[in-house]
Amino acid sequence: MGEKIVIFDTTLRDGEQSPGAAMNVAEKVRIAQQLEKMGVDVIEAGFPISSQGDFEAVKTIAEAITHSEVAALARANAQDIDRAWESIKTAKFPRLHTFISTSDIHLKYQLRKSREEVMRIAAQSVARAKKHTDNVEFSTMDATRSDSKFLAAVIETAIEAGATTINIPDTVGYAIPSEFGELIRTLRQTVKGIEKVTLSVHCHNDLGLAVANSLIAIQNGVRQVEGTINGIGERAGNTSLEEVVMAIRTRKDLFHVSTRIVPKHIFATSRLVSKITGMVVQPNKAIVGANAFAHESGIHQDGVLKDKQTYEIMTPESVGISQSSLVLGKLSGRHAFKERLKELGFRLSEKDVELAFTRFKELADKKHEIYDEDIESIVAEEILRMPDRYKLVYLNVISGNVTVPTATVKMEVDGEIIQEAGFGDGPVDATFKTIKKITRTRSKLLQFAVSAITGGTEAQGEVTVRLEEKGRAVIGQGADTDVIVASAKAYINALNKLEYRKKELRGL
Ligand code: KIV
Ligand code: ZN
């Protein structure tokens, strides 16, 4: 088994910094519960000073999570740190995470502070955090572009001030594995007191090296890895935690360490994050991509049929991928539905179960066979959403190869019913133009993608829509057996997210 590697998940903080991936409180709590179920040691729930919404989300997660540590991020100043503490003080295992940049580039152009000032601020902020809790993590932002002697000095100061975890971020994804390993080795050899703390890394993926850098760091003595599910995050994203976990597991012969992660929950967690954030997982993505275990060539198929080990270094079952199983049908009752929800990890109130059950019955009437993915989609659509400003009431589309596509849309806007009709180049275009007329949105459509949730022609179509307004991007999703209805739902979902973002910015 070897030593344990602490898995620190920042899907809800750094992951949410992916353009368009904003989540509401209920969605974040749902992800946090799934991360806890998967065995994540530390859940970074957000950056409480950044907005009232983020503060509320961190606070709600802190109250809901009982096994994992809940971390809140704070810049290195008293106001940020106190606000972060306010949000997590009720957590069973709270952690304050404070950071300051250490590279000359950041000091000169962003912080406009001298090295001496940064040293002083590092010591003061760790000491401030220590007044609230013993569990304090300190990060040296842009560590990999910092002068290594200065970096070592700041770390030493933070340890003296009481930091219990020291995190070395490759903030801009600049490091190459050999030099990153060397940096970790040098810090471990030269920084006084470093053996008393948990050494951590936080790698970004700008050169596609985040996982490689995290792994070399482990081989050089790091005992905490930070990252996100599906590798989402700022710019090219963060270390993909599922990849690190499975690399350590599959190559135990090289790493001699283990994690608390229960791998069979990886796939469900990946799907949940993708569904909620709207960030689609690329098909060839390692571990969780649709093709990760698909064997296409004849030679490979022949080998796998004879013995899976020929071309599989881990099994799809080990990460929780199984053939979609038929779970429920038209005649399934409330009890069976409730049980299935529980098995899928949803803890819903009676009222929400009832709401989901009604939607399930409607779907079963149209689709007959209901899969786990359909149930997840119902819960994401019906339960996890915030009270919406815009609701679809009715949609009728006339389309074909000899008619001008026409859409009639009835919507509820702030409780008022509005109906409009419009034409378009196709049924989706007609629908979107009519919704645009009703909502008077100024947003721009950046992306429109359709996929099927499960197999077969009667499968639900899942539509992802990406909108942008005043530089803010959001992703909306909708599912239905009718792709035009799914498109309308996705568009309206994205519009509601834009409204939610605007409200958040106004501090409402
Ligand atoms: O990338 C980074 O440096 C960060 C820190 C706040 C840890 O996200
Ligand atoms: Zn980061």
Side-chain angles (χ1 to χ4, degrees), residues 3-8 10 41-42 44 69-78 80-82 84-85 88 93-104 106-107 111 113-171 175 179-203 213-214 216-226 257:
E3 280 180 67
K4 280 267 181 295
I5 299 295
V6 175
I7 296 295
F8 178 114
T10 183
D41 298 284
V42 189
E44 186 162 60
E69 288 181 29
V70 177
L73 185 69
R75 283 167 301 191
N77 66 63
D80 271 40
I81 291 167
D82 294 353
W85 176 247
I88 51 163
F93 304 108
R95 174 184 294 203
L96 276 174
H97 178 193
T98 185
F99 70 97
I100 192 160
S101 293
T102 47
S103 70
D104 287 336
H106 281 211
L107 262 62
L111 296 182
K113 293 201 188 308
S114 67
R115 288 186 175 188
E116 292 67 35
E117 281 174 290
V118 166
M119 291 274 271
R120 188 172 37 76
I121 293 168
Q124 281 171 349
S125 46
V126 172
R128 178 94 189 183
K130 270 305 243 202
K131 285 199 175 132
H132 297 303
T133 172
D134 257 350
N135 192 357
V136 175
E137 172 167 337
F138 176 75
S139 289
T140 51
M141 197 181 215
D142 206 16
T144 50
R145 292 192 301 166
S146 305
D147 172 70
S148 60
K149 289 220 168 58
F150 175 60
L151 176 66
V154 177
I155 293 173
E156 211 164 285
T157 304
I159 295 173
E160 272 167 21
T164 44
T165 298
I166 292 290
N167 182 39
I168 316 292
D170 183 20
T171 303
E179 67 170 344
F180 196 51
E182 175 67 33
L183 173 67
I184 302 294
R185 213 168 26 251
T186 309
L187 290 173
R188 287 189 68 217
Q189 281 163 2
T190 57
V191 174
K192 218 165 85 208
I194 204 155
E195 68 292 342
K196 292 189 296 201
V197 300
T198 303
L199 199 55
S200 165
V201 289
H202 172 113
C203 300
N213 282 329
S214 304
I216 194 94
I218 292 174
Q219 289 184 312
N220 282 283
V222 150
R223 289 297 174 257
Q224 173 177 289
V225 172
E226 301 194 357
V257 292

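Just so it is clear, the values below take in all heavy atoms, side chains as well, and ignore hydrogens, waters and symmetry mates.
Every residue meeting the side-chain hydrogen bond (donor to acceptor under 3.5 Å, both in side chains) condition with N135, not counting sequence neighbours, appears here in chain and number order: E69, R95. Every side-chain hydrogen bond (donor to acceptor under 3.5 Å, both in side chains) that S103 has, sequence neighbours left out, goes to D142. Taking the side chain to side chain contact (heavy atoms under 4.5 Å, CB included) definition, one finds that A72 meets it with P48, V58, A84, S87, I88, sequence neighbours left out.
The closest side-chain heavy-atom distance from L183 to L151 is below 4.5 Å. Within the 4.5 Å cutoff, the side chain of L199 has heavy atoms near those of the I194 side chain. Residues K196 and I159 are in side-chain contact: their nearest non-hydrogen atoms beyond the backbone lie under 4.5 Å apart. Put simply, the side chain of V222 does not reach to within 4.5 Å of the side chain of F180, judged on heavy atoms.
To the nearest 0.5 Å, the span separating CZ on R185 from CD on Q219 amounts to 10.5 Å. Note that CD1 of I168 and CG of L187 are 5.0 Å apart. Values are rounded to the nearest 0.5 Å. To the nearest 0.5 Å, atoms OG1 (T157) and CD (Q124) are separated by 11.5 Å. Interatomic distance, OG1 of T144 versus CD of E179, reported as 7.5 Å (0.5 Å rounding). In this structure, E44 CD and L73 CG are separated by 5.0 Å, a value rounded to the nearest 0.5 Å. Rounded to the nearest 0.5 Å, atoms CG (D104) and OG (S146) are 7.5 Å apart.
A parallel orientation is assigned to the rings of W85 and H132, their planes being inclined by less than 30° (bins at 30° and 60°).
Salt bridge status for D147 with R115: present, with a side-chain N to carboxylate O gap under 4.0 Å.
With a 6.0 Å radius and a threshold of 12 heavy atoms from other residues, nucleotides or ligands, R120 has its CZ atom above the threshold. Heavy atoms from other residues, nucleotides or ligands lying under 6.0 Å from NZ of K4 number more than 12.
Residues K192 and E156 approach most closely at N-OE1, 3.0 Å, considering heavy atoms. The two residues T190 and A152 come nearest to each other via the heavy atoms OG1-CB, 4.5 Å. When every heavy atom of V42 is checked against every heavy atom of Q224, the shortest pair comes out as CG2-OE1, 4.4 Å. In this structure, I81 and A129 approach most closely via the heavy-atom pair CG2-CA, 3.8 Å. Shortest non-hydrogen contact noted between D134 and T164 is O-CG2, 3.4 Å. Contact between V126 and F138 at its shortest, heavy atoms only, is CG2-CD1, 3.8 Å.
A donor-acceptor contact closer than 3.5 angstrom is absent between the side chains of T140 and T102.
Formation of a donor-acceptor pair under 3.5 Å by the D170 side chain with backbone atoms of A175 is found in this model. A donor-acceptor pair under 3.5 Å is absent between the side-chain atoms of D41 and the main chain of F8, judged by distance alone. No donor-acceptor distance shorter than 3.5 angstrom exists from the side chain of S125 to the backbone of N77, with no hydrogens or angles considered. Side-chain atoms of R223 come within 3.5 Å of backbone N or O of I218 as a donor-acceptor pair.
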Can you list the steps and then say if N213 with V201 is a side chain to side chain contact (heavy atoms under 4.5 Å, CB included)? CA-CA 9 Å; N213 282 329; V201 289; over 6 Å; no

Starting from the C-alpha separation in whole Å, work towards a yes-or-no answer on side chain to side chain contact (heavy atoms under 4.5 Å, CB included) for I216 and I184. CA-CA 9 Å; I216 194 94; I184 302 294; over 6 Å; no

